[in-house]
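To find a chain, count down the sequence lines: A is the first, B the second, and so on, and within it residues start at 1. Heavy atoms only: backbone and side chains are in, while hydrogens, waters and symmetry mates are out. This is a predicted model, so every value here is computed, not measured.
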Protein chains: 2
Amino acid sequence: MLRVSKLTDYATVVMTVLAEAGTDVLSAQVLAERARLEIPTVSKLLKQLVHAGLVESFRGVNGGYRIGRAPTAISVAEIVVAMEGPIGMTECSVHSGLCDHENHCGVRGNWQRINQAIADALASVTLADMMKPPGPKRPIPTPLRVALV
Amino acid sequence: MLRVSKLTDYATVVMTVLAEAGTDVLSAQVLAERARLEIPTVSKLLKQLVHAGLVESFRGVNGGYRIGRAPTAISVAEIVVAMEGPIGMTECSVHSGLCDHENHCGVRGNWQRINQAIADALASVTLADMMKPPGPKRPIPTPLRVALV
DNA sequence: GCTAAAGTGGACCGAAATGGTACGGTTTTC
DNA sequence: GAAAACCGTACCATTTCGGTCCACTTTAGC
Ligand code: FES
Ligand code: FES
């Protein structure tokens, strides 16, 4: 269905909660409460976010998690990459040598272009944007097309 | 990894082969040969493409498949939708009522905006574009960002 | 009509990803 | 030293994905 995993979705939710807390350190527990998620789940995705450097962790009593950067400096693309690895729409296009048909495949290059465009789209939305309520719908300007073909 | 399935990738390959053949009717076998794929696989995805109306099928001896529309009138988005169903980046955002947290979830609306932007990106690339060799890389114009936030 | 070529629908299966959970270990504060 | 909290890893049930197969129907041509 061309989707990100549910974990990734949850990760954005948790990140917004963390962003709202500013520089406060929140434990996995209160994070779970505020995000309305299970603790083990939150815990799991937090680990990945820490690993990616988007979140800082503190151990011991009164430990917890704190956002690693300003919400305006974190893009949705980074969260997606942290959770799912590199963005690539097709198996083949991410690394060469995997697909037998690579040589006679006319579409590989074009998929790579599409990948890039989508990655850029994701990269252009910041965590701060995700915190705001969705604004009034504005039509997508068509210069995007120019970028792809 | 935020990707379309391999079947979808193959579908674009088969579609380009079909597009190159113009109005000729090609059997699943020759389609498989030209696309360098297995017959059952080609057969399977052809079924879905027929169902979606992107390809016409003819039964009986000398039957086969023919492209349903001009390559300029078929978008990558249509192929993706034919193979994987509606484009929705998050499970939650496609249909309401599935997710328990929907009420207190601040990011739902924003994900829907992102979905739309990506769908538009996919819709703006035609099958004809996929047939052409990837052109010189041009930078993606940033008006895209304006469309998202 | 009969037969062979070709598509149609559905079932099936093994492998992998997803999601959720659990547990033992380590770090830090009090 | 005890409790709070994170860390790593492993485990499991379920679903999805990629791929294959087969029994059936349709059509062209002899
Ligand atoms: S490179 Fe694998 S199908 Fe095109
Ligand atoms: S609606 Fe399901 S997590 Fe936001």
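Under the ring-ring contact (aromatic ring centres under 6.0 Å, His included) criterion, A:Y10 pairs with B:H101, not counting sequence neighbours. In terms of the side chain to side chain donor-acceptor pair (under 3.5 Å) criterion, residue partners of A:R66 (sequence neighbours excluded) are, by chain and number, A:E56.
Formation of a donor-acceptor pair under 3.5 Å by the A:D9 side chain with backbone atoms of A:V4 is not found in this model.
Shown here for B:P71 and B:M131, the closest heavy-atom pair between the two residues is CB-SD, 4.1 Å. Closest non-hydrogen pair, A:A82 versus A:Q48, comes out as O-NE2, 3.6 Å.
Judged as a salt bridge (charged side-chain N to carboxylate O under 4.0 Å, His left out), not a single pair has a partner in residues 23-32 of chain B (not counting sequence neighbours).
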Whenever both distances are under 3.5 Å in a Watson-Crick or G-U wobble pair, mark it; put DNA chain C into dot-bracket that way, with [ ] for crossing pairs and | when the partner is on another strand. ||||||||||||||||||||||||||||||
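Counting non-hydrogen atoms of neighbouring residues, nucleotides and ligands closer than 6.0 angstrom, the CD atom of B:E20 exceeds 12 such neighbours.
Distance B:L7 CG to D:dT16 C1': 12 Å, rounded to the nearest Å. Remark: C1' of C:dG19 and CZ of A:R3 are 11 Å apart, rounded to the nearest angstrom. Atom NZ in B:K6 sits about 14 Å away from atom C1' in C:dA17, given to the nearest Å. In this structure, A:H51 places its NE2 atom 15 Å from C1' of D:dC6, rounding to the nearest Å. The interatomic distance linking B:E84 (CD) with D:dT15 (P) rounds to 20 Å, in whole Å. Atom CD of A:Q48 and atom C1' of C:dT18 are 12 Å apart (whole Å).
Within residues 59-71 of chain B, the residues approached by DNA chain D to less than 4.0 Å at the level of any non-hydrogen atom are B:R59, B:G60, B:V61, in residue-number order. Contacts between residues 12-46 of chain A and DNA chain C, defined by a heavy-atom separation below 4.0 Å, involve A:E38, A:P40, A:K44, listed by number.
At a threshold of 4.5 Å between non-hydrogen side-chain atoms, the residues A:K47 and A:H51 do not count as touching. Contact of the A:V14 side chain with the A:L37 side chain is registered, since non-hydrogen atoms from C-beta on lie closer than 4.5 Å. Annotation: side chain of A:V42 is not in contact with side chain of A:E33 (no heavy-atom distance under 4.5 Å). Contact of the B:L31 side chain with the B:L18 side chain is registered, since non-hydrogen atoms from C-beta on lie closer than 4.5 Å.
If you check distances only, the side chain of B:K47 never reaches the base of C:dG7 with a donor-acceptor pair under 3.5 Å.
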